[in-house]
There are 2 protein chains.
Amino acid sequence: MEGQNISDIIEQYLKSILSDSEHVEIRRSEIANLFDVVPSQINYVIKTRFTIQNGYLVESKRGGGGYIRIERVNLLDDVDVLNTLISVIGDEISERDAVSIIQTLYDEDVVSRREADLMAVMVSKQTLALTDRQVADVLRAHVLVSLLNRLRYES
Amino acid sequence: MEGQNISDIIEQYLKSILSDSEHVEIRRSEIANLFDVVPSQINYVIKTRFTIQNGYLVESKRGGGGYIRIERVNLLDDVDVLNTLISVIGDEISERDAVSIIQTLYDEDVVSRREADLMAVMVSKQTLALTDRQVADVLRAHVLVSLLNRLRYES
DNA sequence: CATTCTTTGACTAATGTTGACTAACATTAT
DNA sequence: ATAATGTTAGTCAACATTAGTCAAAGAATG
């Protein structure tokens, strides 16, 4: 057990709830009060310990009745393929390279034909209509990584 | 279920009626009284939760015997769903409205669950990480229209 | 020491709530 | 007919209530 700092303690608290139910829904300020920390520390805990790589999905809503919801999801077996491809992408990527990555996904049966087609539309020059080519390449990398991360889990 | 704020509760109330009949017809002040809110809150609920992007049509009449009528529209009955949606999108669109449209596509069986999920990732703020919000909105509209156009052909 | 991780708080953004004012329509009086 | 009055709904901006971001300061680690 590592219970040294308060972030670890909050992490354990949330995970103990998650070991029973599939998800937790919290009010940020309540948890912050409970552990006597500033609200933004909750964001820090979530950002560093409840990532999609670890199998957690987070959604939230602001305003009255706002909340933060953490959900446990089933990670799929394609993790290795996805990690490899993500590391290949880097900070920017051309349309041609993006298409070949999508092709790999299809070859490896990670996505269907139709899903691959949609992804190809998403990374195309025409869709990412930006005057500056490099800006488009950076955005395309971002888009592709987001899509690959989405493929890590089901439902 | 997320139902902490009163707007969500009113939304659920109206949708529970809509799950039985094709439409609801309300007197604004009555609903406002029922949930103990000011009348204009009903407008807020309708404006944020019963848009055409969500698959609802709203009409109303003022004066004596006035009413607000919410109707669920079946977009598949429309001759050209996609054209309708594309015209709704316009030149720019918020993430919220975009998600509504994607949800509608899924509800109407135009796309699968997974395809809808990928599309949702695509239009998310995080994916379209741009400093200027309006630029992101414009790009998001572009992306969505591209995707909808892609859905025209069956492959 | 240098580096990385944690903690904090000021500022920002999103969403929800309220009420004063306006617009549309209906009914009644002239 | 027309005007006056009453009865609805619509708009908009101020205010309230949440969560998110970011960078600086502090603590821990090696």
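Please read these numbers as outputs of a predicted model, since none were measured by experiment. We use all heavy atoms of the structure for the numbers below, so side chains are in, but hydrogens, waters and symmetry mates are not. Order of the sequence lines fixes the chain letters, A, B, ..., with proteins taken first and strands second; residue numbering starts at 1 for each chain.
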Can you find a heavy atom in the side chain of [X] that is under 4.5 Å from one in the side chain of [Y]?
X         : Y         : result
Ile26(A)  : Ile17(A)  : no
Arg49(A)  : Ile10(A)  : no
Asn149(B) : Val121(A) : no
Tyr44(A)  : Lys47(A)  : no
Tyr106(B) : Met119(B) : no

Problem - By side-chain hydrogen bond (donor to acceptor under 3.5 Å, both in side chains) - contacts of Arg114(B) (at least two apart) - result: Glu115(A)
Exercise for the section: Evaluate the side chain to side chain contact (heavy atoms under 4.5 Å, CB included) criterion for residues Val110(A) and Thr104(A): first the C-alpha distance (whole Å), next the side-chain angles of each, then the deciding distance (0.1 Å), finally the verdict. Expected result: CA-CA 9 Å; Val110(A) 179; Thr104(A) 303; over 6 Å; no
Practice task
Report which part of the nucleic acid Arg69(B) touches: base, sugar-phosphate, or nothing (heavy-atom distance under 4.0 Å, all strands).
Solution key: nothing
Exercise for the section: Could you check whether Ile42(B) gets within reach of a base, just the sugar-phosphate, or nothing at all, counting any heavy atom under 4.0 Å? Expected result: nothing
Enumerate the protein-to-nucleotides 7-10 of chain C contacts in which both atoms are nitrogen or oxygen and the separation is below 3.5 Å.
| residue | atom | partner | partner atom | Å |
| --- | --- | --- | --- | --- |
| dT7(C) | OP1 | Ile6(A) | N | 3.0 |
| dT7(C) | OP2 | Ser7(A) | N | 3.1 |
| dT7(C) | OP2 | Ser7(A) | OG | 2.4 |
| dT7(C) | OP2 | Gln41(A) | NE2 | 2.3 |
| dT7(C) | O5' | Gln41(A) | NE2 | 3.3 |
| dG9(C) | N7 | Ser40(A) | OG | 3.2 |
| dG9(C) | O6 | Ser40(A) | OG | 2.7 |

Separation of atom [atom1] in [X] from atom [atom2] in [N], rounded to whole Å:
X         : N       : atom1 : atom2 : answer
Ile46(B)  : dT8(D)  : CD1   : P     : 17 Å
Asp97(B)  : dT15(C) : CG    : C1'   : 14 Å
Lys47(B)  : dA9(D)  : NZ    : P     : 18 Å
Ile10(B)  : dT17(C) : CD1   : C1'   : 10 Å
Gln126(B) : dG20(D) : CD    : C1'   : 12 Å
Ile68(B)  : dT7(D)  : CD1   : P     : 18 Å
Glu95(B)  : dA14(C) : CD    : P     : 10 Å

So does [X] get a side-chain nitrogen or oxygen closer than 4.0 Å to the phosphate oxygens (OP1/OP2) of [N]?
X        : N       : value
Arg28(B) : dA24(C) : no
Arg27(A) : dT18(D) : yes
Arg96(B) : dG16(C) : yes

Problem - Closest non-hydrogen atom pair between Ser94(B) and Asp97(B), with its separation - result: OG-N, 3.1 Å
Fill in the blank from the handout: In terms of heavy-atom contacts, Val123(B) and Arg140(B) come closest through O-NE, 2.6 Å
Handout entry: Members of residues 57-65 of chain B that approach DNA chain C, where some heavy atom sits under 4.0 Å away
Key = Lys61(B), Arg62(B), Gly63(B), Gly64(B)
